[in-house]
Amino acid sequence: MNLSNAIARTLKSKRFWTWQLGGVVLYGIPAAIRFITGSYYIPILSFPGFWIYHFIPGNLVEKFLINAFFPGGAGGVAGEIFVSNYNGKPVTGKAKYTARLGGALAQTAVWSAIQFTGYSLMMIGPFGGNIFEPWYVFPFNFFLACLSIFTPDIVDFAKSKLVQTHQKLKGSRVSKR
């Protein structure tokens with residue numbers, strides 16, 4: 001398949017849009033909380049609460065949870081779908097994770113460019129700080145993008161366990177009647 005067809009089919013994929021939009025919504029939740037409360041600090045997500053050598057932010061729990069889905073996880077799914085469409089068959093094994101890694105790194109690069117532009121414009125939020133991330137966090141974001149290639153597998157595993165549990169509960173109610 002040619003490049004333009006692979007891109008078009010990727011953009012038509014329901015899974016692609018589910019991950020992109022779901023990831024953006026998850027990414028926006030802490031930002032919305034900061035705007036509503038007027039505080040940068042979010043108790044559950046702001047562990048350890050202080051920066052480590054300017055490269056690891058104080059909201060470490062938030063970074064791991066959110067970046068697993070956006071931009072890393074969503075980019076990984078986009079890469080997998082794109083390569084599957086380009087090759088004309090589903091990717092498996094090492095090729096799947098290589099495609100996810102490429103997609104996660106590409107989407108993180110694009111998102112980092114947006115963050116860099118926003119940070120350069122010095123957009124100050126209601127909590128008194130820049131609403132965009134500083135450039136020195138980007139290497140950590142790329143590290144998290146590398147880890148996020150496993151997020152779709154973890155989500156699929158959790159979903160299958162929830163479905164199994166639902167089926168068991170549904171089956172036990174039917175047999176008691």
Side-chain angles (χ1 to χ4, degrees), residues 3-4 6-35 40 42 45-48 51-87 90-123 125 129-158:
L3 183 63
S4 61
I7 292 171
R9 289 189 65 196
T10 299
L11 292 175
K12 290 179 183 178
S13 169
K14 181 181 176 187
R15 183 172 178 232
F16 170 83
W17 287 109
T18 299
W19 274 86
Q20 294 299 316
L21 296 176
V24 167
V25 168
L26 284 174
Y27 193 93
I29 290 172
I33 291 171
R34 286 186 179 93
F35 272 85
Y40 182 80
I42 301 173
L45 301 177
S46 292
F47 178 81
W51 283 68
I52 303 168
Y53 299 116
H54 291 287
F55 298 107
I56 301 174
N59 56 342
L60 199 56
V61 173
E62 175 187 342
K63 292 296 287 180
F64 271 99
L65 290 174
I66 301 304
N67 283 32
F69 291 94
F70 188 85
V77 169
E80 179 185 345
I81 294 169
F82 172 76
V83 171
S84 292
N85 289 333
Y86 189 77
N87 292 339
V91 289
T92 57
K94 290 180 185 178
K96 175 169 77 170
Y97 292 103
T98 303
R100 283 184 185 176
L101 180 61
L105 292 175
Q107 187 152 324
T108 300
V110 169
W111 188 245
S112 294
I114 293 168
Q115 291 277 7
F116 182 77
T117 302
Y119 188 78
S120 299
L121 294 174
M122 291 299 296
M123 296 182 168
N130 197 322
I131 62 174
F132 292 95
E133 292 181 327
W135 61 268
Y136 43 82
V137 180
F138 297 164
F140 187 65
N141 289 346
F142 280 96
F143 167 73
L144 293 176
C146 292
L147 295 178
S148 68
I149 64 173
F150 302 108
T151 303
D153 295 330
I154 295 168
V155 169
D156 288 343
F157 176 78

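Throughout, residue positions are numbered sequentially from 1 according to the sequence presented. Bear in mind that the values here come from a model prediction, so they are computed numbers and not experimental data.
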Taking the side chain as every heavy atom from C-beta outward, state whether [X] and [Y] have any pair of such atoms under 4.5 Å apart.
X: V77; Y: F16; answer: no
X: P152; Y: R15; answer: yes
X: F157; Y: I154; answer: no
X: F70; Y: L21; answer: no
X: I131; Y: Y119; answer: no
X: F116; Y: P134; answer: no

Minimum heavy-atom distance [X]-[Y], with the two atoms named:
X: A145; Y: A104; answer: O-CB, 3.6 Å
X: F138; Y: S112; answer: CZ-O, 3.4 Å
X: S13; Y: I81; answer: OG-CD1, 3.6 Å

Euclidean distance, [Y] [atom2] relative to [X] [atom1], rounded to 0.5 Å:
X: L26; Y: L65; atom1: CG; atom2: CG; result: 9.5 Å
X: M123; Y: T117; atom1: CE; atom2: OG1; result: 9.5 Å
X: I66; Y: N59; atom1: CD1; atom2: CG; result: 9.5 Å
X: E133; Y: K63; atom1: CD; atom2: NZ; result: 3.5 Å
X: F143; Y: S148; atom1: CZ; atom2: OG; result: 10.5 Å
X: E80; Y: W19; atom1: CD; atom2: CH2; result: 10.0 Å

Residue pair N85, T10: steps toward the side chain to side chain donor-acceptor pair (under 3.5 Å) verdict: CA-CA 7 Å; N85 289 333; T10 299; 3.2 Å; yes

Mutual orientation of the aromatic rings belonging to F150 and Y97 [parallel < 30°, tilted 30-60°, perpendicular > 60°]: tilted

I'd like to know if the side chain of [X] reaches the main chain of [Y], judged simply by a donor and an acceptor atom lying under 3.5 Å from each other, with no hydrogens or angles considered.
X: R34; Y: Y40; result: yes
X: T108; Y: L105; result: no
X: Q115; Y: W135; result: no
X: R100; Y: I149; result: yes
X: T151; Y: A68; result: yes

Ring centers of W111, Y27 separated by less than 6.0 Å: yes

Whether over 12 other heavy atoms sit under 6.0 Å from Y86 OH: no

Over 12 non-hydrogen atoms of neighbours within 6.0 angstrom of OH in Y136: yes

Side-chain donor-acceptor contact under 3.5 Å, E62 with N67: no

Stepwise side-chain contact (heavy atoms from CB on, under 4.5 Å) test for V61 and S46: CA-CA 6 Å; V61 173; S46 292; over 6 Å; no

